[in-house]
Every structure is written in C-alpha cells, then in structure tokens.
**Q** 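One structure is given below, represented as structure tokens, and several questions about it will come after.
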Amino acid sequence: EHGAVENKLSSVNSLELIQSEQNQWLKRCKALQQKKYRQQYGKFVAEGLRFVQEALEHGAVEVVLVDEARQDLLPQLSLQETPCYLVKAGLLEKVLPTIHSQGIAAIAVQPQWSWEDVASMEQIIIIDGVQDPGNLGTIVRTALASDTQAMLCLSGTVDLYNDKTLRATMGAIFRLPVYQIEDVQEMTDTLHRWGFQLAVSDIRAEQGYHQMQFPPKVALVVSNEANGPQQIHHGDMLVKIPLFQQEY
C-alpha cells in the first residue's frame, strides 16, 4: 500500500506543466465554449472536481487539466490511462467560462446513444423550446431522479452542452440518454409506432401531473417557459404541471 501511494505521488510530480495559453489543450478548451466547435469535435469541457470525476468514471475524458495550485485534487482522480497536465497558476481560469473555477477541468466526449433503445423504454421526456440553460440542466437532473429513461431535445431548445446547462446537470448527462431531434414529425410517428402516447404539458389542462393516469408508455412534452409549445401543440393528452407552491 505504501508503495502504491509512493507511485501515485511520483507520477503526480512528473506531470508536465503547461505554461502558455497557446498550448493545444488550452486552445481547445477556449474553442469548445462555442457551440459550432462542440458540434464539430463532439466534445465539451467538464468543469469542477465532481463533474470531472463523473466523466472519468464513464470513460468519457480525453484529457484532464489541473491548476498547479490545486494539486491537492489529484489524489481524488481515478486517472488510469487518462492524460493529465498541470497548468501554470491562473492560466486555466483564463480559458474557462466560469468566473471562479475550481482549478480543474476535463475535455470530455459527448455521450452517444442508440436511437433504437428508445423503443423498449416506458417513460421519456421531450423538450420543446426550453430556452434557459439552468432550467434545461435542472430538467435533466429531475428526469434522471424520476426514472425517466431518455430526453429528446427538439431544435429551438438551448444547447445541452452550454456551460450553464452543464453546471446545472451536475454530471447527469452521462447517465441520461439525450437525443437531438431535427424532424419532429418523424419522431412523433416513430414514437407512436413504438407504442408511446404524447402528454403535452399545458397550463389549461384539466388534470394535474399527480392525478393523471398515464398509459404504460408515455412521452411527456415540456415546453418553452414563456410561450408554451413551439412545435408540438397537440399530443394524445394534456397535463398540467403545477408550480411547487401550488396545491396538487
């Protein structure tokens, strides 16, 4: 055990130090703040110890970057074969969107999921035009906690890999399959063919979420905060999702 600790410490001491903003990994971090590069590379930046740990656990990390002043974080990382670099104090913060970063980030690969897997699911959620990044991130976490098996994001919904959305998901994106949908009609036809019924959330609905007797396979449509559904106006049923302070 003592030898293992010594090996870990010696490997930490031998980590390469990045000393310039022109380093390829720091330049990649900066580029990945833009949606077009996230789409082009199929990658994103995971910030903070918990998020990086989650990404490592799921084998989704290309590289880990740690501020040289935060080497205390290194023993908490299960790096195995994952490349890791120390970054000269203050440099990492310059290329990350968070104002007060935790001094650790990873370039992670966007999870890929098989569309055919949805056929065997029973409870999924469709996001139709949600614009607030924090709201979308919270929906991801809530969906995972409520045994929802997948999320389908229609065009016009805020980018899942927006840094504010990612922070709000707290790493849940590695555990909840998320699909980007371009053709809504094709999606609807396929879901119906697979036995799903669409329940559209609407404030005018008579029945609330908690009174509703949902069918065995249901796709709940959650829509834009201010303007309601953007693309799916009519489902197989309407359901009212009350605000927290309202009586159910």
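Note that these values count all heavy atoms, side chains included, but never hydrogens, waters or copies made by symmetry. It should be emphasised that the depicted structure is a prediction, and the values quoted were computed from it without experimental measurement.
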**Q** Considering residues at least two apart in sequence or located in another chain, which fulfil the side chain to side chain donor-acceptor pair (under 3.5 Å) criterion with R175?
**A** E54
**Q** Can you tell me how far apart CD1 (I232) and CD1 (I126) are? Round to the nearest 0.5 Å.
**A** 4.5 Å
**Q** Would I107 and I173 show up in the same hydrophobic cluster when neighbours are defined by side-chain heavy atoms closer than 4.5 Å?
**A** no
**Q** Students often mix this up, so state it plainly: with edges at 30° and 60°, are the rings of W115 and W194 parallel, tilted or perpendicular?
**A** tilted
**Q** Taking all non-hydrogen atoms of both residues, which atom of S155 and which atom of E182 are closest, and how far apart?
**A** CB-OE1, 4.3 Å
**Q** What is the distance from atom CD1 of I181 to atom CG of D128, rounded to the nearest 0.5 Å?
**A** 11.5 Å
**Q** Looking at L191, V218, L198, which hits side chain to side chain contact (heavy atoms under 4.5 Å, CB included) with I124?
**A** L191
**Q** Are V52 and V45 connected into the same hydrophobic cluster when the rule is that any two of I, L, V, M, F, W, Y join if their side-chain heavy atoms are below 4.5 Å apart?
**A** no
**Q** Would you give the length of the straight line joining atom CG of L32 to atom CG of D163, rounded to the nearest 0.5 angstrom?
**A** 11.5 Å
**Q** Calculate, to the nearest 0.5 Å, the distance between atoms CG and CG belonging to L15 and L86 respectively.
**A** 5.0 Å
**Q** Is there a continuous path of hydrophobic side-chain contacts, each under 4.5 Å between heavy atoms, that joins L144 to V130?
**A** yes
**Q** Not counting sequence neighbours, list each pair that qualifies as a ring pair (Phe, Tyr, Trp, His ring centres under 6.0 Å) and has a residue in residues 126-173.
**A** F44-Y161
**Q** Do L92 and L74 share a hydrophobic cluster (ILVMFWY, side-chain heavy atoms under 4.5 Å, transitive)?
**A** no
**Q** Rounded to the nearest 0.5 Å, how far apart are CZ of R28 and OH of Y41?
**A** 4.5 Å
**Q** Who are the side chain to side chain donor-acceptor pair (under 3.5 Å) partners of Q185, not counting sequence neighbours?
**A** D189
**Q** Among Q39, R38, Q180, find the residue that satisfies the side chain to side chain donor-acceptor pair (under 3.5 Å) test when tested with D159.
**A** R38
**Q** Is any side-chain heavy atom of M151 closer than 4.5 Å to a side-chain heavy atom of V140?
**A** yes
**Q** Counting only heavy atoms from other residues, nucleotides and ligands, does the tally under 6.0 Å from NZ of K88 exceed 12?
**A** no
**Q** Which pair of heavy atoms, one from K164 and one from N162, lies closest together, and at what distance?
**A** N-OD1, 2.8 Å
**Q** List the atom of V61, the atom of A55, and the distance in Å for their closest heavy-atom pair.
**A** CG2-CB, 3.4 Å
**Q** Does Q34, at its CD atom, have more than 12 non-hydrogen atoms belonging to other residues, nucleotides or ligands within less than 6.0 Å?
**A** yes
**Q** State plainly whether one hydrophobic cluster holds both V178 and V109, where clusters connect Ile, Leu, Val, Met, Phe, Trp and Tyr through side-chain heavy atoms under 4.5 angstrom apart.
**A** no
